[in-house]
Amino acid sequence: MPLVTTGELVTRAAAARCAVAAFNVITLEHVEAVIAGAESVSSPVVLQVSENAVKFRYGRLLPLARAAVAAAERAAVPVALHLDHIQSDDLLRQAPDAGFSSVMYDAARLPYADNLAATKAAADWAHAQGLWIEAELGRLGGKNGEPPLDAHAPGARTDPAEAHAFVTDSGVDALAVAVGSSHAMTTRTATLDHDLLKRLAATLDVPLVLHGSSGVPDDELTAAVAGGIAKVNVGTALNIAMTGAIREFLAAHPEAVDSRKYLSVGREAMARAVADIIGVLRAP
């Protein structure tokens with residue numbers, strides 16, 4: 001099946017009041033697991049490659065991107081490729097030729113005015129290349145001499161009025177909002193601010209994205225989708241599934257040396273996690 005665009009999948013999800021799952025991939029096993037999991041439940045899916053994943057791969061985007069494109073083109077479900085949490089303008093400009101239809105430009109660490117200026121420049125360039133672009137905005141500090149609060153930090157929140165101005169002035173196609181989730185959580189204990197999410201959904205006319213979803217319980221995810229989230233990013237949950245399965249396999253088979261034996265177990269565990277998460281997002 002040919003590649004589809006992230007914008008197409010997110011727009012459809014938003015119109016249907018559901019969410020498309022977007023999974024961060026690091027290895028070929030991640031790519032294969034995400035596609036296998038999505039195929040098992042006949043669901044479209046987004047493969048995401050982050051700037052940190054590119055750094056892990058010796059700073060080279062193309063090897064993993066080419067593998068993801070090849071796997072996606074052979075998938076039985078629609079698959080899109082998304083370049084995630086990009087801070088490097090050089091990496092941003094590699095996206096079109098590497099097969100990505102979308103990028104998430106991450107300037108959320110900057111004070112509001114700098115975030116807006118950098119994001120608008122990125123959006124203008126991305127749109128000229130036919131790319132769909134996502135950004136992120138959290139409630140920034142900086143008052144009374146305090147440093148800005150990163151949108152990824154626990155306790156960060158997105159202000160609806162500020163978000164409306166940011167989306168209008170930057171021209172982005174989707175906004176990741178800070179409503180109580182946090183990146184790299186290994187326990188599913190996050191409680192989302194659903195009242196804030198409701199106000200954001202009523203204020204903004206672009207699809208909303210939830211980052212840090214690995215730490216969000218099933219019922220909270222279901223409520224978030226009902227509240228207006230159209231794209232749900234998941235990364236850590238796959239690594240937890242993979243690492244746990246490999247640890248269990250190696251503990252039971254200390255003599256094992258063939259990496260295919262334990263990587264296949266890890267890949268299967270990730271595929272099950274993918275199917276489970278997609279099932280939650282589809283729940284009524």
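Everything quoted here is computed from the prediction, not taken from an experiment.
Leu64 and Ile26 get closest at one heavy-atom pair: CD2-O, 3.6 Å. Residues Leu210 and Ser213 come closest through the heavy atom pair O-OG, 3.2 Å. Nearest heavy atoms, Ala241 versus Ala273: CB-CB, 4.2 Å. Shortest non-hydrogen contact noted between Leu197 and Ala224 is CD2-O, 3.5 Å. Of all non-hydrogen atoms in Arg17 and Val225, the two that sit nearest each other are O-CG1, 3.9 Å. Considering all non-hydrogen atoms of both residues, Ala72 and Leu3 come closest at CB-CD2, 3.3 Å.
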Full working for side-chain contact (heavy atoms from CB on, under 4.5 Å) between Met104 and Lys231: CA-CA 12 Å; Met104 185 270 161; Lys231 176 173 175 276; 5.9 Å; no
Worked check of side chain to side chain donor-acceptor pair (under 3.5 Å) between Thr119 and Asn115: CA-CA 6 Å; Thr119 302; Asn115 183 2; 2.9 Å; yes
Stepwise side-chain contact (heavy atoms from CB on, under 4.5 Å) test for Phe23 and Gln48: CA-CA 6 Å; Phe23 295 93; Gln48 301 194 146; over 6 Å; no
side-chain contact (heavy atoms from CB on, under 4.5 Å) between Leu200 and Val179, intermediate numbers included: CA-CA 10 Å; Leu200 287 163; Val179 292; 3.8 Å; yes
Worked verdict on Val34 versus Leu238 for side-chain contact (heavy atoms from CB on, under 4.5 Å): CA-CA 9 Å; Val34 170; Leu238 297 191; 3.8 Å; yes
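Clustering ILVMFWY residues whenever any of their side-chain heavy atoms sit less than 4.5 angstrom apart, transitively, puts Val79 in a cluster other than the one holding Val46. Clustering ILVMFWY residues whenever any of their side-chain heavy atoms sit less than 4.5 angstrom apart, transitively, puts Leu131 in a cluster other than the one holding Val209. No single ILVMFWY cluster, assembled from side-chain heavy atoms under 4.5 Å apart, contains both Trp132 and Tyr105. Hydrophobic clustering (side-chain heavy atoms under 4.5 Å, transitive across Ile, Leu, Val, Met, Phe, Trp, Tyr) keeps Leu9 apart from Val41. Transitive grouping of hydrophobic side chains (ILVMFWY, heavy atoms separated by less than 4.5 Å) brings Val49 and Val103 into a common cluster.
Using a 4.0 Å cut-off between charged nitrogen and carboxylate oxygen, Arg272 and Asp276 do not count as a salt-bridge pair.
Here the CZ-CD distance, from Phe56 to Glu51, works out to 15.5 Å after rounding to the nearest 0.5 Å. Atom CZ of Phe100 is separated from atom CG of Leu92 by 11.5 Å, given to the nearest 0.5 angstrom. In this structure, Ile240 CD1 and Ser214 OG are separated by 6.5 Å, a value rounded to the nearest 0.5 Å. With rounding to the nearest 0.5 Å, the separation of CZ in Arg267 from CD1 in Ile246 is 11.0 Å. We find the OG1-CD distance between Thr158 and Glu136 to be 7.5 Å, quoted to the nearest 0.5 Å. We find the CG-OG1 distance between Leu116 and Thr168 to be 10.0 Å, quoted to the nearest 0.5 Å.
Contact of the Ile278 side chain with the Val274 side chain is registered, since non-hydrogen atoms from C-beta on lie closer than 4.5 Å. Proximity of Leu61 to Leu83: side-chain heavy atoms (C-beta onward) are separated by under 4.5 Å at one or more points. At a threshold of 4.5 Å between non-hydrogen side-chain atoms, the residues Ile35 and Leu47 count as touching. When side chains are defined from C-beta on, Val20 does not count as touching Val45, because their heavy atoms never get closer than 4.5 Å. Side-chain contact between Val206 and Val172 is absent, with no heavy atoms from C-beta onward closer than 4.5 Å. Residues Asp173 and His127 meet the side-chain proximity criterion, which asks for heavy atoms closer than 4.5 Å. Within the 4.5 Å cutoff, side-chain heavy atoms of Arg247 are placed close to those of Thr243. Looking at Asn52 and His85, their side chains never come closer than 4.5 Å, going by heavy atoms from C-beta outward.
For Arg12, the CZ atom is loosely surrounded, since the number of other residues' heavy atoms within 6.0 Å does not exceed 12. Residue-environment remark: CD (Gln129) exceeds the threshold of 12 foreign heavy atoms within 6.0 Å.
With Leu137 as the partner, the side-chain contact (heavy atoms from CB on, under 4.5 Å) test is satisfied by one option alone out of Val177, Leu175, Val167: Leu175.
Between the side chains of Glu134 and His211, at least one donor N or O lies within less than 3.5 Å of an accepting N or O. Neither side chain, Asn24 nor Asn233, offers a donor N or O lying under 3.5 Å from an acceptor on the other. Between the side chains of Glu220 and His194, a donor-acceptor pair is found at a separation under 3.5 Å. In this structure, a donor-acceptor pair under 3.5 Å is present between the side chains of Ser102 and His82. The closest side-chain donor-acceptor pair between His30 and Asn239 falls under 3.5 angstrom.
Between the side chain of Arg74 and the backbone N or O of Ala70 there is at least one donor-acceptor pair closer than 3.5 Å. A distance-only check finds a donor-acceptor pair linking the side chain of Asp106 to the backbone of Ala108 [under 3.5 Å].
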